[in-house]
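Notes for the one structure printed next.
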Amino acid sequence: MRDQFVRLHCHASVLTARVLKDESMMSEFKSDLLRLLSERGYIHQVTDAGALDALAASQVVPGYIGFDATAPSLHVGSLVQIMMLRRMQQAGHKPIALMGGGTTKVGDPSGKDESRKMLTSETIDDNIASIRTVFEKLLTFGDGPTDAVMVNNGDWLSQLGYIELLRDVGPHFTVNRMLTFDSVKLRLDREQPLTFLEFNYMILQAYDFRELAQRHACRLQLGGSDQWGNIVNGIELTRRMDGVEVFGLTTPLLTTADGAKMGKTAAGAVWLNEEQLPAYDFWQYWRNTDDRDVGRFLRLFTDLPLDEIARLEQLEGSEINFAKTVLANEVTKLVRGEEEAKTAEATAAETFAGGGLGADLPVLDVPAEGIRVGAACTELGFTASNGEAKRKINEGAVKIDDETVSDPGILIELAPGAESKLSLGKKKHAILRGA
């Protein structure tokens, strides 16, 4: 069975896992929450699925996901987590978006090869304010029983005394077990430094779960599969310190059909915020989805009914492009707004079908002294370096106003206000405008 359900049995300091063999469990969920998450493909592992299902069927369950604020925007790789909070609210439960005002100062070593850059408190606060704008589009915030709340773990972690942490929390963790976590083993196996600061991250994340259980009656932590160990730590710490039963649920590792990590392109991260990535580029990312991913992404990232998604994912040949356009429109509408989605689609139609310059294409201002075509490609993010731009030009993949460019040293000069279209392949286009 691809999606595994794991029941945790806590005995003293030992946490053991047993895989549930009943493959019919997914179809037998009683709660709207687990049924919705299962039908749309979010569930990879869940602790004590039966008990969580019964709880969710009988009461409102507050559940949280943590997000560190290392940049002014999250990227597409975090969107599946935000959508899980949205699904919680759709199923009548209370989503808690936990912002890592405290843990961002430490750095999660999970999946990282090097230490995180240290940020000031002011920068972290600014990042959180910027990130919130996306959450406000996808969740309904308020004071009601199922309204979303956004909290900051800096509120309690910054008040936590070091001696108190060692005395009250430290005895519930062993270094032996902490060394077995993948986030630690990865660094040590590669002989890369893991600071004592980062080594404490898993303790602080576990403490977050316990604190949220006390402050907000939180009973569920959700996250990606790489957070399973951290989630289990929080479950065990909360049980040991307070005797409260809490639960964990993770999503499968999200990669594209060709094995690439979700949210990354050759040009860099696909940011959720408009300030970090124009709506057209965001829309185009989804329009370029691999045929094999269309159905899965429609289930995860849109609110379309499942029967409509089933119909769309059966399309073949050139007709699958219609499903990709639907995907791009629906995701862009959720994250950026309906007007941005319409404008992006219109820009794409004009650019690809009409050969014109769509109004929503990214714009590069060309200085009076001009710019080399290779440098323009790199400046726009079409290529990661001038060397890559040169290779693409030599391959005949770069065009100016639909004419193939053969010389990477060509100087582009435009009169003030004049425009030209720069294209890389069939899917990357931009406006060059004289400054």
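When all heavy atoms of Ala91 and Leu36 are compared, the pair lying nearest together is CB-CD2, 4.4 Å. Shown here for Thr70 and Asn127, the closest heavy-atom pair between the two residues is C-ND2, 3.6 Å. Here the closest heavy-atom approach between residue His44 and residue Thr251 is recorded as CB-C, 3.4 Å. The shortest heavy-atom contact between Met88 and Pro62 is CE-C, 4.2 Å. Across all their heavy atoms, Glu340 and Ala279 have their closest contact at CB-CB, 3.9 Å. Closest approach of Pro252 and Gly41 over heavy atoms only: CD-O, 4.0 Å.
With hydrogens and angles ignored, the 3.5 Å screen pairs a side-chain donor or acceptor of His75 with a backbone N or O of Gly77. In this structure a side-chain-to-backbone donor-acceptor pair under 3.5 Å is present from Arg219 to Glu245. A donor-acceptor distance shorter than 3.5 angstrom exists from the side chain of Asn153 to the backbone of Gly102, with no hydrogens or angles considered. In this structure, the side chain of Arg210 does not engage the main chain of Met241 through any donor-acceptor pair within 3.5 Å. With Gln221 contributing its side chain and Gly234 its backbone, the two residues share no donor-acceptor pair below 3.5 Å. Listed for the Ser58 side chain is a donor-acceptor partner under 3.5 Å among the backbone atoms of Leu55. In this structure, the side chain of Asp53 engages the main chain of Ser31 through a donor-acceptor pair within 3.5 Å. Checking side-chain atoms of Thr123 against main-chain N and O of Leu119 turns up no donor-acceptor pair under 3.5 Å. Panel note: side chain Lys94, backbone Val61; no donor-acceptor pair is recorded below 3.5 Å.
Within 6.0 Å of CZ in Phe322 there are 12 or fewer heavy atoms belonging to other residues, nucleotides or ligands. For CD of Glu379, the number of neighbouring non-hydrogen atoms (other residues, nucleotides, ligands) closer than 6.0 Å is 12 at most.
Within the 4.5 Å cutoff, the side chain of Leu424 has heavy atoms near those of the Lys392 side chain. Leu33 is listed as a side-chain neighbour of Leu220, based on a closest heavy-atom distance under 4.5 Å. Side-chain atoms of Ile82 and Leu272, non-hydrogen and from C-beta on, do get closer than 4.5 Å to each other. Side-chain contact between Asp290 and Arg296 is absent, with no heavy atoms from C-beta onward closer than 4.5 Å. Taking 4.5 Å as the limit, some side-chain heavy atom of Met83 sits within range of a side-chain heavy atom of Leu138. When side chains are defined from C-beta on, Arg336 does not count as touching Val134, because their heavy atoms never get closer than 4.5 Å. A 4.5 Å side-chain heavy-atom check between Glu369 and Glu413 finds every atom pair outside the cut-off. Side chains of Leu249 and Thr47 form no contact here, defined as non-hydrogen atoms less than 4.5 Å apart.
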Chi angles and distances behind the side chain to side chain donor-acceptor pair (under 3.5 Å) call for Lys105, Ser121: CA-CA 8 Å; Lys105 297 176 181 178; Ser121 296; 3.1 Å; yes
side-chain contact (heavy atoms from CB on, under 4.5 Å) between Phe247 and Val46, worked out: CA-CA 8 Å; Phe247 304 90; Val46 56; 5.8 Å; no
Test salt bridge (charged side-chain N to carboxylate O under 4.0 Å, His left out) applied to Arg391 and Glu388, step by step: CA-CA 5 Å; Arg391 289 194 297 274; Glu388 182 186 355; 5.1 Å; no
Check against side-chain contact (heavy atoms from CB on, under 4.5 Å), Leu312 and Leu304: CA-CA 10 Å; Leu312 289 170; Leu304 288 178; 4.1 Å; yes
Test side-chain contact (heavy atoms from CB on, under 4.5 Å) applied to Trp228 and Val232, step by step: CA-CA 6 Å; Trp228 178 252; Val232 168; 3.8 Å; yes
Worked check of side-chain contact (heavy atoms from CB on, under 4.5 Å) between Trp156 and Asp208: CA-CA 9 Å; Trp156 55 83; Asp208 281 344; 2.9 Å; yes
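With sequence neighbours left out, the ring-ring contact (aromatic ring centres under 6.0 Å, His included) criterion links Tyr64 to Phe209. Take Glu345 and apply the salt bridge (charged side-chain N to carboxylate O under 4.0 Å, His left out) test, not counting sequence neighbours, and it matches no residue. Every residue was checked against the salt bridge (charged side-chain N to carboxylate O under 4.0 Å, His left out) condition with Lys390, not counting sequence neighbours, and none meets it. With sequence neighbours left out, Glu308 forms a salt bridge (charged side-chain N to carboxylate O under 4.0 Å, His left out) with Arg311.
The salt bridge (charged side-chain N to carboxylate O under 4.0 Å, His left out) analysis of residues 134-162, with sequence neighbours excluded, yields the pairs Arg132-Glu136. Counting only residues at least two apart or in different chains, salt bridge (charged side-chain N to carboxylate O under 4.0 Å, His left out) contacts with residues 74-92 comprise Arg86-Asp303, Arg87-Asp303.
Rounding to the nearest 0.5 Å places CG of Leu79 at 9.5 Å from CG of Leu74. Going from atom CG of Leu300 over to atom CG of Leu254 covers 6.5 Å, rounded to the nearest 0.5 Å. If you take CZ on Arg287 and CG on Asn321, they are separated by 4.0 Å, rounding to the nearest 0.5 Å. How far CD1 of Ile231 is from CD of Glu236: 14.0 Å, rounded to the nearest 0.5 Å. For the atom pair CD (Glu211) and OG1 (Thr238), the distance works out to 10.0 Å, reported to the nearest 0.5 Å. From Met150, atom CE reaches atom CZ of Phe67 across 8.0 Å, with rounding to the nearest 0.5 Å.
Below 30°, between 30° and 60°, or above 60°: for Trp286 and Phe282 the angle between ring planes is above 60°, a perpendicular geometry.
A donor atom on one side chain and an acceptor atom on the other are found under 3.5 Å apart for Asp258 and Thr256. Using modelled atom types and a 3.5 Å distance limit, the side chains of Asn230 and Gln227 yield a donor-acceptor pair. Inspection of the Ser130 and Asn273 side chains reveals an N or O donor paired with an N or O acceptor under 3.5 Å. Looking at Thr383 and Thr378, their side chains do bring a donor and an acceptor atom within 3.5 Å of each other.
Of the options Leu98, Ile128, Thr104, Leu157, a side-chain contact (heavy atoms from CB on, under 4.5 Å) to Asn152 is made by Ile128 and by none of the others. When each of Asp293, Asp291, Thr289, Asn288 is paired with Lys324, the side chain to side chain donor-acceptor pair (under 3.5 Å) condition holds for Asp291 and for no other.
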